[in-house]
There are 2 protein chains.
Amino acid sequence: MREATDTANDPRRWGRGRVLRAIRQAGAIARVDIARQTGISAATVTALTAELLSEGLIERIHPEDRAPDAGRRGRPREALRLRGEARLVAGVKVSHRVITVLLVDFTGAEIGLHEAPRAEIASAPAVLADAIVAATTAACARHGRRLEDVSGICVGLAGQVDGARGHVHWSSALDRRNVDLAPALAARAPCPVFLENDANLVAKAEQLFGRGRGVDNFLVVTVQHGIGMGVILGGELHRGARGCSGELGHSKVVSDGALCQCGQRGCLEAYAGGYGLRMRAAEAGLKDMSVEDLRQAEAAGDPVAIEVLSEARQHFARVLANLVTVFDPELIVLAVEAEEGHPLCTPEVLEQVRQLSLSVDAPPTEIDVQFRDDRMWAEGATAYGIERVEALAVERRPLGQSA
Amino acid sequence: MREATDTANDPRRWGRGRVLRAIRQAGAIARVDIARQTGISAATVTALTAELLSEGLIERIHPEDRAPDAGRRGRPREALRLRGEARLVAGVKVSHRVITVLLVDFTGAEIGLHEAPRAEIASAPAVLADAIVAATTAACARHGRRLEDVSGICVGLAGQVDGARGHVHWSSALDRRNVDLAPALAARAPCPVFLENDANLVAKAEQLFGRGRGVDNFLVVTVQHGIGMGVILGGELHRGARGCSGELGHSKVVSDGALCQCGQRGCLEAYAGGYGLRMRAAEAGLKDMSVEDLRQAEAAGDPVAIEVLSEARQHFARVLANLVTVFDPELIVLAVEAEEGHPLCTPEVLEQVRQLSLSVDAPPTEIDVQFRDDRMWAEGATAYGIERVEALAVERRPLGQSA
DNA sequence: CCATTAATTTTGACACATAAACTAATTCTG
DNA sequence: CAGAATTAGTTTATGTGTCAAAATTAATGG
């Protein structure tokens, strides 16, 4: 039951945001096209872009009259793009043994990466907050910036994280449950700090910079040690009432099944997550196998590997198919932390998903497998950080604007 | 990939809609409270309500100074409410053998119900469109109105219905696939006609008039012959890319399981839908049992009924738990077409759902079982019809407004 | 009856958006 | 090569939506 005064959605600042988003999505775009795409009149686009130009958020480009422009009749269009130097954003990923900080500019272009080791896996809130800010400070120092130059820090955390409230129900990075981490971070940083579940951030990255650009309804499933999901519906990240949506790894695939890290039984992760696969293989006699080892064992004809992977694929495909049935998304991105392949993300599995999901005579949900390295988490954090910093830039009035 | 000129969301008519929605949600509310709840200034609320009053969409109430008002100091608040006579809306449900039309006023109050028999189960599009409009005309006639008085007709159809595009991928009510039914209806009716999946409409009814009032994120699961779902996220109905979201009955609960009506195997409906239960019971030797019969057989200790229902409960609970895990909604409404009880909607099943879903130290998803009669479908249609008619009323300018 | 209180309305000003007219920078055409 | 044609972008005049502050209204309390 949400009520009360939500002044947030100010209809007056609306246009600015639309224009800025159109420019970001297009990369470079002329005013006419902004008007056409957004439905805002050319007059207003001129006014708004003039404002954004004077604030330094965007900039003109004339030299490169890009190819498709050649041979057009009238006045040539003047493309606009975001001005990278306008803002500096830090994306932070807290892992077990390291804190990764990725510094990017307003366009999302990388400025530098920094990794700071962590002394312990589960920290006290104050210790973790200190470490995050210290790592960000160090990242800035290493790349010729100061922490004061940063316009926003976005922190991604595995676990049940309520990004809207800045609250951590549970995370392996903390030594206790129910921590209001956002205030602790805000107190230590000279700029806004945003907190979010790591899978949600990967979804945001896909939306802003990846396959999800311009797609209104899509899901991003992260496949690695655990299995997570970020849900983008109507162009918005859906967090759930408590911020705990998308815990796909803990959806139940069998009754009273294998024991999961979370303490419950029959979770997808317990069969198809990295640790689940290792566990099942170990139980069946294949000790100390990585996912890649298992894949090779299967290829070599090892019956245990074949059995374990086959079961995992079956569960994984069924869960993905049920996502299609329940969400009917345009697109599902499988963001896999692996170099080149993953035994669960094979053409056969995708075909199985198609067969198990309800089909109509219309283009089916596209499933896109993206193999990523471990930077993906910090990149996700920068994506959401940029979005939030952009939102602040949109709201902020031009203020003192004299000659 | 949605692009192009979507002029739809006009930020200027924003306030009108907010005010009207606040009045609808509250039933009766004073201007001060509208201002407080919406965040709109009192001055603007006065202006907007004056406009709505002069258009006859809302009306004043003074006589009943409701109890909590007594003994307050200053000028008494003047409550406002919707004016029922402002609009007439028809909600239509197409069933196998009958078309049900429910006429309601702008507040949702019932004006009259009418049922028209259908000659066939699966009709040609033109025949069905004719029948729907004829039934609506008859409903009007029977209750002293004319079809021309109706401001909007909302038609609920079981099947894969893309309400946004007015397209029916498949419905048992039609004798063919892929029908653009909305244009056929629009051509026959003197007012806007809206088309939607029936489960989505039940969700809309819960949002406007039921347990979902003021709840931003909730799911409505319909349990009867089949199992359907409507998804409300961020206060909006989520339809999916093709309008096929929420096909919960066809999520797969076991690999290569029981055959479903839809032709696939292992669907939830094949175990827990009304026809699925009958099938499973019949296979195990209990022929021709209704769901209610099965419930009584179970209570009487029949081992087959116990077995069949136990399996169904297990699957149903697991699917519901997975909804909690994936959506993290505030609320799930189980809308059950039954008089007093249903073997799948028992306290034990709800307890099982709680045990199978990820829990954090925050209020869990509430699950609310609502037993309804077969009017629920037509009521759902009126709910969405009213919302759409209201949206049109918000957009429409006051136009000629002289003395 | 008048002070007090609270709801509502009026007033004056400003921000945002637009249509229409205008200016600018090209290519095309004779 | 001069203008005609074409397309992009800007300026202007105007309307709409919103708000803060002041004014008005309708009660209660002494």
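In this text the structure is predicted, and so the values were computed from the model without any measurement. Below, chains carry the letters A, B, ... as their sequence lines are ordered, and counting in each starts from 1.
- Using a 4.5 Å heavy-atom threshold, the side chains of A/L20 and A/L48 count as separate.
- Residue B/T46 has its side chain nearest to C/dT10 when only C/dT10, D/dA27, C/dA7 are considered.
- At a threshold of 4.5 Å between non-hydrogen side-chain atoms, the residues B/K204 and B/V220 do not count as touching.
- For A/A43, the listed nucleotide lying nearest its side chain is C/dA20; candidates were C/dA6, D/dA8, C/dA20.
- OP1 or OP2 of C/dT18 sits under 4.0 Å from a side-chain N or O of A/S41.
- Among the nucleotides D/dA27, D/dT6, C/dT8, the one closest to any side-chain atom of B/E78 is C/dT8.
- Candidate nucleotides D/dT18, D/dT28, C/dA7 were compared by shortest atom distance to the side chain of B/R73, and D/dT28 ranks first.
- Taking every heavy atom of both residues into account, B/A381 and B/G91 meet most closely at CB-CA, 3.5 Å.
- Between D/dG9, C/dT4, C/dT9, one nucleotide has an atom nearer to the side chain of B/A42 than all others, and that is C/dT9.
- If you measure from atom CZ of B/R18 to atom P of D/dC19, you get 11 Å, rounded to the nearest angstrom.
- Looking only at distances, no side-chain donor or acceptor of B/D180 sits under 3.5 Å from a matching main-chain atom of B/H167.
- Note: CG (A/L52) to C1' (D/dT10) measures 16 Å, nearest angstrom.
- The distance from atom CH2 of B/W14 to atom C1' of C/dA15 is 16 Å, rounded to the nearest whole Å.
- In this structure, B/Y384 and B/F194 have perpendicular ring planes: the angle between them is above 60°, well past the 30° mark.
- Atom CD in A/E51 sits about 14 Å away from atom P in D/dT10, given to the nearest Å.
- Along DNA chain D, the nucleotide nearest A/R31 and the nucleotide nearest A/G74 are compared for position; the residue whose nucleotide lies closer to the 5' end is A/G74.
- Distance, A/R75 CZ to D/dA5 C1': 16 Å, rounded to whole Å.
- Straight-line distance from the CG atom of A/L48 to the C1' atom of D/dT10: 14 Å, rounded to whole Å.
- Atoms CZ (B/R77) and P (D/dA26) sit 17 Å apart, rounded to a whole Å.
- Residue B/I61 contributes atom CD1, which lies 12 Å from atom P of C/dT8 at whole-angstrom precision.
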